[in-house]
Amino acid sequence: MGKAFLIGSPVMISSKPTSKARATIPQSVGVAPHLESGDELVYEIADQRVILTKARTVAGADDPFRTFEE
């Protein structure tokens, strides 16, 4: 699927987006942060780079009413 490029210290792996801007995450990329189906991802856009990170889970983060009191 993706091509691997060795540029400096980190290994860079490529993939191509579809016409709907969707891209499959290569298995070797998903293994690094221990991604599982359903995990939330964070995209950080800086200049011409996109940094993909597995979102950290915070206790109570799924509860939209956690800040409200009765």
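Quantities reported herein were computed from a predicted structural model and do not represent experimental measurements. The basis for the numbers below is simple: all heavy atoms, side chains too, and nothing from hydrogens, waters or symmetry mates.
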Interatomic distance, OH@Tyr43 vs CG@Leu52, rounded to 0.5 Å, equals 5.5 Å
Residues pairing under salt bridge (Lys or Arg N to Asp or Glu O under 4.0 Å) where one sits in residues 33-53, two or more places apart or in two chains, turn out to be Asp39-Lys54
For the residue pair Val42 and Ala55, what are the closest heavy atoms and their distance? CG2-CB, 3.7 Å
Say whether Leu41 and Val50 are linked into one hydrophobic cluster, either directly or through other cluster members, by side-chain heavy-atom distances under 4.5 angstrom. yes
What distance separates Ile25 CD1 from Leu35 CG, expressed to the nearest 0.5 Å? 5.5 Å
Checking Thr18 now: which residues fulfil side chain to side chain contact (heavy atoms under 4.5 Å, CB included) with it, not counting sequence neighbours? Lys20, Arg22
Where do Ser15 and Pro26 come nearest, in terms of heavy atoms and distance? CB-CG, 4.3 Å
